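One structure below.
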2 protein chains.
Amino acid sequence: MSSKILDEHSAAHVAELFRAFSDTSRVQIMSALLDGEKNVSVLADLVGISQSAVSHHLRGLRQMKLVVARREGKEVYYSLVDPHIITLFQQGIRHIQED
Amino acid sequence: MSSKILDEHSAAHVAELFRAFSDTSRVQIMSALLDGEKNVSVLADLVGISQSAVSHHLRGLRQMKLVVARREGKEVYYSLVDPHIITLFQQGIRHIQED
DNA sequence: TCAACATGTGAATATATACTCATGTGTTAA
DNA sequence: TTAACACATGAGTATATATTCACATGTTGA
């Protein structure tokens, strides 16, 4: 049935998903991870924000299962796993590159 | 070249796009428009927020060209036009309906 | 022209959010 | 076990954002 509006609860979930990509730093983090897994300090260098800020962002992305963490010694490597999420994010990039 | 991170300017644009869908009310507005064009007061009723709030949201969506407005007498009908945006939004909905 | 209606918008406010700073936790090598 | 390093996290703060309220603008019919 496509004639009913999304209920508030579902809409809130959808909004939450898109909100994950609604910040410049997180978009840069995601775009870095598109290229392959990276650890926190590398991400901080690439994006140009503090390690703390990166960790805060990654926590949110992790809780939403948009990224996964893998510890290797002292470092923690983050990567993208969900192909649907990757597609969704790439579509966003493509759209802004069009007009 | 997929090995470079998105520059800050592009990332800000991508973030801006996703931010458009990062609010529960806007998601409900968009979901209502998936079903076809609707005027402002109908949208306000469907979403359950004030006409003013709907207008404010629609202004943002309009400025980003995510919706288009068509006046018919005293009423203004809004609709979705960009098929890529529709696909992007629907993918967001599908994702939250999976897990 | 005037009244009624639909929509748009600026200002004010309350809440959410991103960042910094300080410190905590986990890991390794000496 | 201790020092050094990588990362996580809570608190505080500054900014962004959604909503409401009051009113402006635009349209139609009398």
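Naming: A, B, ... by sequence-line order, numbering from 1 per chain. As the structure is a prediction and not an experimental result, all values here were calculated from the model.
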Indicate whether the side chain of B:Tyr77 and that of B:Arg71 have a donor and an acceptor atom separated by less than 3.5 Å.
no

side-chain hydrogen bond (donor to acceptor under 3.5 Å, both in side chains) involving B:Ser55 - partner list, sequence neighbours excluded:
B:Gln51

Output yes when at least one side-chain N/O atom of [X] is less than 4.0 Å from OP1 or OP2 of [N], else no.
X	N	result
A:Tyr78	D:dA8	yes
A:Arg71	D:dA6	no
A:Arg19	D:dA18	no
A:Ser50	C:dC21	no

Take the protein atom [atom1] of [X] and the nucleotide atom [atom2] of [N], then report the distance between them rounded to whole Å.
X	N	atom1	atom2	answer
A:Asp45	D:dC7	CG	C1'	14 Å
A:Ile29	C:dA18	CD1	P	11 Å
A:Ile49	D:dA8	CD1	P	13 Å
B:Phe21	D:dT17	CZ	P	16 Å
B:Arg59	D:dA24	CZ	P	17 Å
B:Leu61	D:dT17	CG	C1'	14 Å
B:Glu16	D:dA16	CD	C1'	13 Å
A:Glu75	D:dA8	CD	C1'	15 Å

Do A:Arg94 side-chain atoms and B:His84 backbone N/O form a donor-acceptor pair below 3.5 Å?
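Judged by distance alone, no pair lies under 3.5 Å.
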
Between A:Glu72 and A:Asp23, whichever has its closest DNA chain C nucleotide further toward 5' is A:Asp23

Where each residue is assigned the nucleotide of DNA chain C containing its nearest heavy atom, which of B:Ala53 and A:Gly73 is assigned the position nearer the 5′ end?
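In this pair, the answer is B:Ala53.
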
Stacking check: are the rings of B:His56 and D:dT19 less than 5.5 Å apart at their centres and under 30 degrees in tilt?
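Stacking is absent between D:dT19 and B:His56, given that the ring centres and planes do not meet under 5.5 Å and under 30°.
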
Looking at every strand, decide which applies to A:Tyr77 at a 4.0 Å heavy-atom threshold: base, sugar-phosphate, or nothing.
nothing

Mind checking B:Gln51 for me? I need base, sugar-phosphate or nothing, with any heavy atom below 4.0 Å counting as a touch.
base

Ignoring hydrogens and angles, does a donor from either the side chain of B:Ser52 or the base of D:dT19 sit under 3.5 Å from an acceptor on the other?
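Under the 3.5 Å cut-off, the side chain and the base do not form any donor-acceptor pair.
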
Residue closer to the 5' end of DNA chain D, A:Lys74 versus A:Ser55 (nearest nucleotide):
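Its nearest nucleotide lies further toward 5', so the answer is A:Lys74.
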
Assign each of A:Ser41 and B:His57 to its nearest nucleotide of DNA chain D by heavy atoms, then name whichever residue's nucleotide is nearer the 5' end.
A:Ser41

State, to 0.1 Å, how close A:Leu46 and A:Ala32 come at their nearest heavy-atom pair, and which atoms those are.
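In terms of heavy atoms, the two residues are closest at CD1-CB, 4.1 Å.
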
Are any of the side-chain nitrogens in A:Asp35 or A:Lys38 under 4.0 Å away from the carboxylate oxygens of its partner?
yes

